[in-house]
Structures are given as C-alpha cells and as structure tokens.
Amino acid sequence: MSANPPPSSKAIWYEGLWKNNAALVQLLGLCPLLAVTTTAMAGLGLGIATLLVVTASSIVVSLIRNWVPQDVRIPVFILIIASFVTIVELLVAAWLHDLYRTLGLFLPLIVTNCAILARAEAFASRQPVAPAALDGLATGAGFAAVLVVLGAMRELLGRGTLLDGADQLFGDIAANWTIELVDGDLFLLAILPPGAFIGLAVLLALKNRIEDRS
C-alpha cells in the first residue's frame, strides 16, 4: 500500500477531536450515540470502550498493513475490530457488570461503528504504528467527548442530575458523586429518543456556529 508522510501529532489531535470529529462531522456511530446517552456516565462508559477498540485495532492494522492482501483487507480489519470488541465486552462484563447491563446490546455493537473501520482503512493501513495509535486515540477521544457532553445535556435537562451511576464505572468510591440539581424529573423529553436527536442537533449547530466565527 502507498504510504503518505504521517501528519503531525497536533494535526492528528485537531482532526480527531474537532475538525473531522467522527460524531459531529462524519456523523458515524450515531446508533449507540443516540441510544446510550441518557446519562453522562453511560456515555463515558461507551466512549471509553470505543476508544480502547479504535486505538487497539489501529495499532494492529498498522502492524500488519504490509502483509495483508488488498483484496481481503476489509474482512481482516473487521475481524481485528470484532476481536477487540469481544475482549472489551468480556472485560466489562467481568469487572463492571452494572455498566455492562446499562450499555446492553450497544457494547457488542461497537463492531458496527463505521468510524473504527474508516480509521483502519483510511489511516492505520497507510501509516506507521505511532501515528496510527495517536489517530486511534484522537478519534476515540473525540467520539467519547461527544457521548459525554450529549449524555450530560440529556441527564441534566431530563432528570436534573449529573454523574448519576458513576459507581457503575468507578466503583463504590463514586457512589456519592451524583449531583442532584433539581428534585424529580425536569424535562422528560430530553431522555427520550426524540431528545437525543434534538440534543445532537444542538451540538451540531454549536459546532457550525463556532467554525463560522473562526
């Protein structure tokens, strides 16, 4: 495969976190993004899982890029991604079982996140290990950031709380981390499916507004 000079670390982070964000620009992985973000912690849990998978798969794809025939590269990439998704799923089920139950079907469905396959094909398969790993980190961090922000927005507007369920991710030490700003449900639509679309639309509008001003 042809190899282009790797971009700088700053450019990789800028692309993954902002300019070419997988959720806000490419609009990839929207199914779990819209379904899971009923709380900030659920979004963070899925975001970390996605970050681990995209980073690990980018490293492996980069390592084997010179030995994989062009005709079978996509099935090989999918097999690698599915392997890491299975590993992450088993680890979460074993050590963070409450979070595993909260994320449900959307944890194994990380394998269908087009953002991961896109980075493997467009970047990791053409670059050395270090830039590929950094690109995986930046892409995963950008996707996770959107999950957390959208989850926080929906949780705050819908339930009047923040960090609810933090103990599912951080253990008993986080049992009292929940911040209750309003007693009782506030704006129920926010945590229902339509609220996910509205929240994402608000984030897209904010990003476009910021870019228009810059």
Side-chain angles (χ1 to χ4, degrees), residues 13 16-18 21-24 28-56 84-110 113 115-116 136-207 210:
W13 279 111
L17 290 175
W18 183 255
N21 185 285
L24 293 182
L28 297 176
L30 293 188
C31 178
L33 185 145
L34 295 171
V36 169
T37 53
T38 53
T39 66
M41 286 298 103
L44 179 60
L46 187 66
I48 292 174
T50 304
L51 186 151
L52 292 174
V53 171
V54 68
T55 303
F84 282 112
V85 170
T86 302
I87 292 171
V88 170
E89 181 186 5
L90 292 175
L91 290 174
V92 174
W95 291 339
L96 302 170
H97 196 71
D98 289 339
L99 180 64
Y100 175 78
R101 294 174 61 185
T102 297
L103 298 181
L105 181 64
F106 295 100
L107 190 55
L109 281 180
I110 291 174
N113 190 328
I116 302 175
L137 278 172
T139 300
F143 187 72
V146 177
L147 283 167
V148 173
V149 172
L150 181 58
M153 285 175 52
R154 297 179 65 191
E155 181 184 352
L156 181 61
L157 293 174
R159 300 176 178 172
T161 64
L162 278 176
L163 305 182
D164 185 29
D167 56 316
Q168 295 180 359
L169 185 58
F170 298 106
D172 294 339
I173 193 174
N176 297 320
W177 286 8
T178 301
I179 302 171
E180 188 169 343
L181 302 175
V182 178
D183 187 17
D185 292 339
L186 188 62
F187 185 52
L188 189 59
L189 179 66
I191 56 175
L192 296 177
F197 287 97
I198 296 172
L200 180 61
V202 170
L203 293 181
L204 289 171
L206 285 174
K207 184 181 187 305
I210 292 172

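Between Leu46 and Pro32 there is a side-chain heavy-atom pair separated by less than 4.5 Å. At a threshold of 4.5 Å between non-hydrogen side-chain atoms, the residues Leu96 and Gln168 do not count as touching. Under the 4.5 Å side-chain criterion, counting only non-hydrogen atoms from C-beta, Arg159 is in contact with Thr39. Here the side chains of Ile198 and Leu189 are in contact, with some heavy-atom distance below 4.5 Å. With contacts defined as side-chain heavy-atom distances shorter than 4.5 Å, the pair Leu162/Trp177 does not qualify. Between Thr139 and Leu17 the shortest side-chain heavy-atom distance does not fall below 4.5 Å. The side-chain heavy atoms of Phe143 and Leu24, taken from C-beta on, include no pair separated by under 4.5 Å.
Taking both residues in full, the closest heavy atoms of Val53 and Val85 are given as CG1-CG2, 3.8 Å, listed atom of the first, atom of the second, then distance. For Leu163 against Ile179, the heavy-atom pair with the smallest separation is CD1-CD1, 4.3 Å. Here the closest non-hydrogen pair linking Leu28 and Asn113 is C-OD1, 4.3 Å. Annotation for Glu89 and Pro108: closest pair OE1-CB, 3.7 Å, computed over non-hydrogen atoms. Closest approach of Ala23 and Leu30 over heavy atoms only: O-CD2, 4.2 Å. Closest heavy-atom contact between Ala141 and Leu51: N-CD1, 3.6 Å.
In this structure, Ile210 places its CD1 atom where more than 12 heavy-atom neighbours from other residues, nucleotides or ligands lie under 6.0 Å away.
Between the side chain of Arg154 and the main chain of Leu192, a donor-acceptor pair closer than 3.5 Å is present. Asn21 contributes a side-chain N or O that, together with a main-chain N or O of Gly142, makes up a donor-acceptor pair within less than 3.5 Å. Of the possible donor and acceptor atoms, none in the side chain of Thr161 sits under 3.5 Å from a partner among the backbone N and O of Asp164.
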(message) Pair Asp167, Ile173 - check side chain to side chain contact (heavy atoms under 4.5 Å, CB included), show working.
(response) CA-CA 7 Å; Asp167 56 316; Ile173 193 174; over 6 Å; no
(request) Could you go through the side chain to side chain contact (heavy atoms under 4.5 Å, CB included) check for Ile116 and Thr50 one step at a time? (result) CA-CA 8 Å; Ile116 302 175; Thr50 304; 4.2 Å; yes
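A distance of 8.0 Å separates CD1 of Ile110 from CG of Leu103, quoted to the nearest 0.5 Å. Taking CG of Leu105 as the start and CG of Leu107 as the end, the distance is 9.5 Å to the nearest 0.5 Å. Rounded to the nearest 0.5 Å, atoms OG1 (Thr102) and NE2 (His97) are 10.0 Å apart. If you take CG on Leu203 and CG on Leu33, they are separated by 8.5 Å, rounding to the nearest 0.5 Å.
Using modelled atom types, one finds no donor on one side chain facing an acceptor on the other under 3.5 Å when comparing Glu155 with Thr38.
Partners of Phe84 according to the ring pair (Phe, Tyr, Trp, His ring centres under 6.0 Å) rule, which considers only residues two or more places apart in sequence or in another chain, do not exist here.
When ring centroids are compared, Trp95 and Tyr100 stay outside the 6.0 Å threshold.
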